[in-house]
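Everything on this sheet refers to the single structure shown next.
Naming: A, B, ... by sequence-line order, numbering from 1 per chain. Everything numeric in this text was worked out from a predicted model, so none of it was measured.
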Number of protein chains: 2
Amino acid sequence: MTDGPAERASRRGRPGYDLDSLLTVAVRVFNERGYDGTSMEDLASRLGITKSAIYHHVAGKEELLRLSVDRALDQLFAVVNEPEAQRGPAIDRLEYVVRRSIAVLVDELPFVTLLLRVRGNTAAERRALARRREFDRLVSDLVERAESEGSIRRDVDPALTSRLLFGMLNSIIEWYRPRRGLTAVDLADAFVKIAFDGLRSRPDAPLSPAPDPGQTGSPAGA
Amino acid sequence: MTDGPAERASRRGRPGYDLDSLLTVAVRVFNERGYDGTSMEDLASRLGITKSAIYHHVAGKEELLRLSVDRALDQLFAVVNEPEAQRGPAIDRLEYVVRRSIAVLVDELPFVTLLLRVRGNTAAERRALARRREFDRLVSDLVERAESEGSIRRDVDPALTSRLLFGMLNSIIEWYRPRRGLTAVDLADAFVKIAFDGLRSRPDAPLSPAPDPGQTGSPAGA
DNA sequence: CCTACCGATCGGTAGG
DNA sequence: CCTACCGATCGGTAGG
């Protein structure tokens with residue numbers, strides 16, 4: 001009896017954008033030209049509709065930004081609230097959060113990209129930055145706990161370790177593109193190796209139980 | 001370019017900005033508001049002069065960008081051309097380039113920040129991106145060489161290792177601020193530990209790097 | 001002839 | 001979702 005949101009749009013009224021498909025296009029343009037550098041006219045011409053039509057869906061440019069970065073933030077917060085991130089040794093929880101964050105980053109690449117480029121010039125941007133800082137603090141607490149449990153090196157400050165770890169993770173948005181032969185799981189495997197055990201080869205150290213010898217996880221470069 | 005900004009200009013004509021001191025202010029504003037989001041009027045009011053006066057020094061906004069990113073790029077290329085980056089084991093050369101790049105990043109933080117935020121919307125931006133890619137290729141070659149020499153782990157693709165390594169390095173601009181108790185050398189020391197040996201504590205491995213006796217790495221000068 | 005600007009205004013385009 | 005607009009501001013240039 002009650003039609004779903006997509007149902008309603010397709011049955012009644014003109015065919016056109018719903019909020020989700022509009023956001024998908026808007027985020028792509030924001031990432032190409034920068035949020036500040038994108039005019040509502042840019043968005044309208046890319047969407048194939050007029051500027052005013054956009055205001056049918058959202059109150060303005062800032063709401064487009066808010067809805068977009070919240071989509072990324074909601075999924076990242078969901079990760080740290082999953083049971084695997086809440087119990088067990090902190091080092092395992094940290095690895096879990098890292099792997100799941102990479103999955104979110106890959107699945108929602110344009111939205112996470114936009115989130116990471118927010119600078120804080122407007123209210124919506126400052127709101128996004130505040131939520132980011134809250135996420136960073138949760139991760140930082142996890143790193144600190146892992147250090148006090150003795151599973152993370154004690155000769156580097158936990159806050160610094162946390163920043164470098166997620167700095168490396170976030171940098172993935174700069175070059176990762178799907179459909180280039182590197183899956184999210186292969187990427188996460190390689191990332192965890194580099195981050196947790198370093199890029200140096202250590203012939204004297206015992207290898208982890210049967211690291212798959214078949215694939216090297218080559219990312220088809222460029 | 002070691003003379004004080006106002007020294008040279010104080011002899012003839014009005015006291016005012018020379019190109020260097022103008023760039024210092026311009027880059028700061030670009031980083032605050034974004035390059036696209038910065039108007040010439042923004043720059044003028046921050047400088048305390050009129051818009052027209054800026055055109056006395058440069059041909060336009062794009063030239064301000066070009067001069068700024070070239071300052072960062074020139075120093076980064078200088079690093080890979082230093083003798084310590086040209087001879088010896090590739091792993092040592094890589095560590096040297098990492099330490100010196102961190103020193104450049106810290107010394108020229110606003111200029112490197114601007115460089116890393118360039119997106120390619122204008123000709124000057126695309127030119128900067130091309131030079132960045134050239135630098136990245138030099139580093140990537142070094143990582144590949146270190147892997148073929150057996151000093152870097154073989155179970156991760158060198159191009160991927162290189163991207164993660166410099167992704168982590170570049171992320172320093174997001175949070176590092178001078179005068180907060182973390183010197184560039186301390187930062188580089190911690191960075192090299194995390195990047196080369198990983199964040200995991202390894203009670204079974206010797207504390208000091210065992211495989212290569214002698215030096216632990218080049219102290220990067222700064 | 002130089003350096004270092006000023007006050008005013010150009011044709012177009014921004015978000016709403 | 002469109003047409004017809006607004007107040008303001010954009011990057012850049014004129015003569016002095």
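Spacing between atom NE2 of A:His56 and atom C1' of D:dT3 amounts to 17 Å, rounded to whole angstrom units. In this structure, B:Lys61 places its NZ atom 5 Å from P of D:dG11, rounding to the nearest Å. As a whole-Å value, the separation of B:Ile54 CD1 from D:dC10 C1' is 14 Å. Rounded to whole Å, atom P of D:dC2 lies 11 Å from atom CG of A:Leu47. One can place CD of A:Glu41 at 17 Å from P of D:dC5, the figure rounded to the nearest angstrom. A straight line from CE of B:Met40 to P of D:dC10 spans 12 Å, rounded to a whole angstrom. Remark: P of D:dG12 and CG of B:Leu43 are 11 Å apart, rounded to the nearest angstrom. The OH-P distance, from B:Tyr17 to C:dC5, rounds to 8 Å in whole Å.
Here the rule is side chain to side chain contact (heavy atoms under 4.5 Å, CB included) with B:Tyr17, and of B:Leu22, B:Ile54, B:Thr24 only B:Leu22 fits it.
Positionally, the nearest nucleotide of DNA chain C for B:Gly48 lies more toward the 5' end than for the other of B:Gly48 and B:Lys51.
Among D:dG11, C:dC6, C:dG15, the nucleotide with an atom closest to any side-chain atom of A:Tyr55 is C:dG15.
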Please determine whether salt bridge (Lys or Arg N to Asp or Glu O under 4.0 Å) holds for the pair A:Asp141 and A:Arg137, giving the CA-CA distance in whole Å, both sets of side-chain angles, and the decisive distance to 0.1 Å.
CA-CA 6 Å; A:Asp141 288 348; A:Arg137 201 180 47 76; 3.4 Å; yes
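Because its NZ or CZ atom is both nearer than 6.0 Å to the ring centre of B:Phe111 and within 45° of the ring axis, B:Arg71 counts as a cation-pi partner of that residue.
A salt bridge links A:Glu174 with B:Arg119; the closest basic N to acidic carboxylate O contact falls under 4.0 Å. By the 4.0 Å N-to-carboxylate-O rule, A:Arg99 lies close enough to A:Glu95 to be salt-bridged with it.
Proximity of A:Tyr55 to A:Glu63: side-chain heavy atoms (C-beta onward) are nowhere separated by under 4.5 Å.
Listed pair A:His57 / D:dC1 meets the phosphate criterion, a side-chain N or O lying under 4.0 Å from OP1 or OP2. The side chain of B:Ser52 places no N or O atom within less than 4.0 Å of a non-bridging phosphate oxygen (OP1 or OP2) of D:dT13. The side chain of A:Thr50 contributes no N or O atom lying less than 4.0 Å from OP1 or OP2 of D:dC1.
Side-chain polar atoms of B:Glu125 and B:Thr122 form a donor-acceptor pair below 3.5 angstrom.
Taking atom C1' in both C:dC10 and D:dC10, one finds a spacing of 12 Å when rounded to whole Å. Nucleotides C:dA4 and D:dG16 have their C1' atoms positioned 13 Å apart, rounded to a whole Å.
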Pairing of DNA chain D as dot-bracket, 5' to 3': ( ) intra-strand, [ ] crossing, | other strand, . unpaired, with Watson-Crick or G-U pairs under 3.5 Å?
....||.|..|.|.||
